[in-house]
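Here is the structure we will look at.
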Amino acid sequence: MHIHKYEKYWLVFGIATLVAFLVIVGVGAFHQGSHPNNGKKTLDYEKVREHEIFSNPGVHKVEGKDWDYEVVVLASAFNYEPPVIEVPLGAKVKFIATSADVMHGFEVAGTNINMMLEPGYISEYVTEVNKVGEFLIVCNEYCGTGHTMMHSMLKVVDSNESHK
Ligand code: CUA
């Protein structure tokens with residue numbers, strides 16, 4: 001079978017592009033850990049306020065786990081509970097969040113915290129907060145007329161400073 005020279009070039013180019021693309025996706029998924037919510041943990045969103053975790057949204061200090069704080073966030077049209085999250089600098093924090101109604105976002109501007117909150121699914125993210133400041137939390141999934149008004153705040157405080 002005879003393959004034309006340009007056809008060969010084109011095949012090589014096509015295969016190289018495919019390989020390059022798979023490498024980029026693979027590095028992103030396996031090395032940088034970017035992947036969608038695995039959806040393993042579910043709950044009955046209509047009874048979310050009776051749920052063992054989500055009946056008590058807020059910042060909770062925990063002992064004997066791989067992280068120091070658990071931040072439980074319940075999103076609903078068009079607000080977040082708690083309205084303000086305050087954690088100390090350097091803390092390892094696990095964010096545990098869900099939605100009580102429709103799909104919402106949970107993006108902490110200026111950080112790499114960014115989760116999609118789906119009713120019936122628990123989204124989790126563990127991170128270390130190592131920048132002092134106030135970070136705006138915004139909803140980045142269109143959720144209705146109040147979508148643009150939906151926000152809260154993450155405050156990272158240096159506890160050594162505030163006690164002086
Ligand atoms: Cu909630 Cu957009």
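Counting starts at 1 for both ligands and their atoms, in listed order. Values in this document were obtained by computation on a predicted structure and should not be read as measured data.
Under a 3.5 Å cut-off, the side chain of Asn140 and the backbone N or O of Glu107 do not form any donor-acceptor pair. For Ser152 (side chain) and Ile137 (main-chain N/O), no donor-acceptor pair under 3.5 Å exists by modelled atom type.
Residue Lys5 qualifies as open at atom NZ: its count of foreign heavy atoms under 6.0 Å is 12 or below.
The nearest N/O/S atom of His147 to atom 2 (Cu) of ligand 1 is ND1. In Glu141, the N, O or S atom that comes nearest to atom 2 (Cu) of ligand 1 is O.
Geometry about atom 1 (Cu) of ligand 1 gives an angle of 120° between SG of Cys139 and SG of Cys143, rounded in steps of 10 degrees.
Taking the six-membered ring where tryptophan is involved, the planes of Phe106 and Tyr80 are perpendicular, since the angle between them exceeds 60° and thus also 30°. Under the 30°/60° scheme for interplanar angles, the aromatic rings of His2 and His4 are found to stand perpendicular.
Checking Met150 against atom 1 (Cu) of ligand 1, an N/O/S atom falls under the 2.8 Å cut-off. Put simply, His104 stays out of reach of atom 2 (Cu) of ligand 1, with no N, O or S atom under 2.8 Å from it.
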